[in-house]
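Keep in mind the model is a prediction, meaning the values are calculated, not measured. In this chain, residues are counted from 1 in sequence order.
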Amino acid sequence: DRFVRESACIALGYLKAENAVPALLQIWRNDYISSVRDAAELALQQIGGEQVNRAMQMTKVLTAEIEDLIKVLTGKTTSPKSGGPKKWGPIQYSTLPAGVG
């Protein structure tokens, strides 16, 4: 039930339950209901810490890359410089958090 999952996320964030970080990351990345994902994100922000910050930053970078790739593959975007499709190359590790990549 979505309300149970939302409430659990909120409670874990309130308790700053560091041992729940892996489960909250899983929910934030994968739950099919946006309000549950939002509750997990809020809980992660309340818990904080280096592990949370790195994981959230990496997920945001990868999500943006995937969204850009989908736009290119569906023809919904072009590179502003060339007028053609965006050129894809290796991951730019400078955009990833320290210690990743």
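- To the nearest 0.5 Å, the span separating CD on Gln57 from CZ on Arg54 amounts to 12.0 Å.
- Rounding to the nearest 0.5 Å gives a distance of 8.5 Å between CD of Glu18 and CD of Gln51.
- The minimum heavy-atom distance linking Ala43 with Cys9 is given by the pair CB-O, 3.1 Å.
- Under the 4.5 Å side-chain heavy-atom criterion for ILVMFWY residues, a single connected hydrophobic cluster contains both Val52 and Leu25.
- Ile47 CD1 to Asn53 CG: the interatomic distance, rounded to the nearest 0.5 Å, is 11.5 Å.
- Using a 4.5 Å cut-off between side-chain heavy atoms of Ile, Leu, Val, Met, Phe, Trp and Tyr, with links allowed through other members, Val21 and Leu12 fall into the same hydrophobic cluster.
- The CG atom of Asp38 lies 11.5 Å from the CD1 atom of Ile33; values are rounded to the nearest 0.5 Å.
- Expressed to the nearest 0.5 Å, how far CZ of Arg29 lies from OG1 of Thr59 amounts to 3.0 Å.
- Nearest approach of Lys16 to Gln46, heavy atoms of both residues: NZ-O, 2.8 Å.
- The backbone N or O of Ile27 sits nowhere less than 3.5 Å from a side-chain atom of Asp31 that would complete a donor-acceptor pair.
- Note that CG of Leu24 is 10.5 Å distant from CD of Gln26, once rounded to the nearest 0.5 Å.
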